[in-house]
Undergrad: 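The structure under discussion is supplied below as structure tokens; questions concerning it will follow.
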Amino acid sequence: MPSTPASTLQAEFLQLAPAQVQELSDELAQSLLQPQPSIAPKFLYDALGSKLFEAITELDEYYPTRTEAAIFERHRDALARACGTGHTLVDLGAGNCAKAASLFSALRPSRYVAVDISVDFLRRALHELQARHPQLPMLGLGLDFSNTLQLPLQVGDGPKLMFYPGSSIGNFAPEAAAEFLRRVRDAAPGGGLLIGVDLLKPVAILERAYDDPLGVTAAFNRNLLRHLNALFGTDFDIADWRHVAFFNAAESRIEMHLEALAGAVVRWPEGERRFAPGERMHTENSYKWRPDDFAGLLESAGFSRLQQWIDKHRWFAVFAAFS
Ligand code: AVJ
């Protein structure tokens with residue numbers, strides 16, 4: 001009988017503070033009764049939403065993922081020199097874990113901690129990754145870190161490199177982004193942060209990335225309604241809603257909305273809301289930064305010794321920063 005080598009590890013998995021459905025559904029009901037409801041982008045990520053986002057990252061129009069990957073690839077040695085090796089790599093919003101995995105050989109972490117709200121998707125990704133890296137201790141955390149970044153003891157107390165790629169920081173307005181980054185810093189005392197951020201660029205390029213002709217981003221956005229129906233017992237009819245995405249120059253952000261086509265109505269156990277044609281629900285912001293402004297944001301959150309890497313089109317930036 002073939003025996004498993006003693007050094008082959010099993011990924012550990014923890015689900016933390018599973019979302020309080022009652023609290024969340026009260027919040028949702030309240031929002032749905034506003035003139036212009038807004039729904040937190042975290043609800044885009046059920047298991048299907050995570051798959052649809054993965055499909056988005058393969059679109060020609062969606063430049064962030066491949067531009068960031070090219071920066072990682074091109075500057076892997078400089079990144080490793082800046083960040084050091086042998087730390088606990090904490091991947092915030094790990095998704096399919098591909099970005100972190102691409103840096104394992106350069107960063108040589110001693111431990112990999114993958115955090116994501118989309119628990120089932122993460123669990124599968126992590127088990128596949130563990131099979132490919134049998135010697136690297138891995139821990140999966142099912143956690144909504146938009147509320148808290150309290151990491152459990154299982155993460156260990158080794159030096160940490162926080163990893164927040166993909167410009168997910170773009171979901172936060174500047175003030176909230178600063179606050180979030182402060183929490184990241186507090187979660188890794190004496191450690192570092194490696195973060196990707198999408199940059200300001202011509203509007204046509206931005207809008208095409210968030211409203212692709214194949215309709216994958218539209219499906220990703222509209223899937224939120226399916227997720228809400230499953231979580232909260234709303235009865236959104238997906239056919240009543242269309243995807244809207246545009247660049248808001250005053251706020252320097254892409255906005256995604258769902259717009260009622262004809263009169264739409266949604267009912268839930270304790271209420272209902274009617275929408276006139278053209279009424280919208282705001283589902284996501286994706287802020288676009290100037291490199292200097294983002295450096296200022298990192299500093300205002302208490303980070304120092306900043307380094308940055310930018311692609312030749314100046315579409316995307318990767319920063320290393322230390323607490
Ligand atoms: C995962 C938040 C980085 O803002 O580009 C992609 C999400 N939304 N297409 C982004 C997203 C529509 C993405 N982030």
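Start at 1 and go down the list; that is how both ligands and their atoms are numbered.
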Undergrad: Determine, using the 4.5 Å side-chain heavy-atom cutoff (strictly less than), whether L44 and L52 are members of one ILVMFWY cluster.
TA: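 The answer is yes; both residues are in one hydrophobic cluster.
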
Undergrad: Does the ring centre of F53 sit less than 6.0 Å away from the ring centre of F121?
TA: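 So the answer is no for these two rings.
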
Undergrad: Measuring only between side-chain heavy atoms, which start at C-beta, is E207 closer than 4.5 Å to V203?
TA: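 The answer is yes; the side chains approach within 4.5 Å.
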
Undergrad: Once you restrict both partners to nitrogen or oxygen, which atoms of ligand 1 have a protein partner under 3.5 Å, and how far apart are they?
TA:
| residue | atom | partner | partner atom | Å |
| --- | --- | --- | --- | --- |
| ligand 1 | 4 (O) | S286 | OG | 2.7 |
| ligand 1 | 5 (O) | Y62 | OH | 2.5 |
| ligand 1 | 5 (O) | Y210 | OH | 2.5 |
| ligand 1 | 8 (N) | E284 | OE1 | 2.6 |

Undergrad: Are the aromatic rings of H257 and F246 close, with centres under 6.0 Å apart?
TA: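 Under 6.0 Å, so yes.
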
Undergrad: Could D186 and R183 be called an ion pair, given the rule that one side-chain N must be under 4.0 Å from one carboxylate O?
TA: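 R183 and D186: not salt-bridged.
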
Undergrad: Using the ring centroid of each side chain, check whether F180 and Y164 are separated by less than 6.0 Å.
TA: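 Yes, they do, as the ring centres are separated by less than 6.0 Å.
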
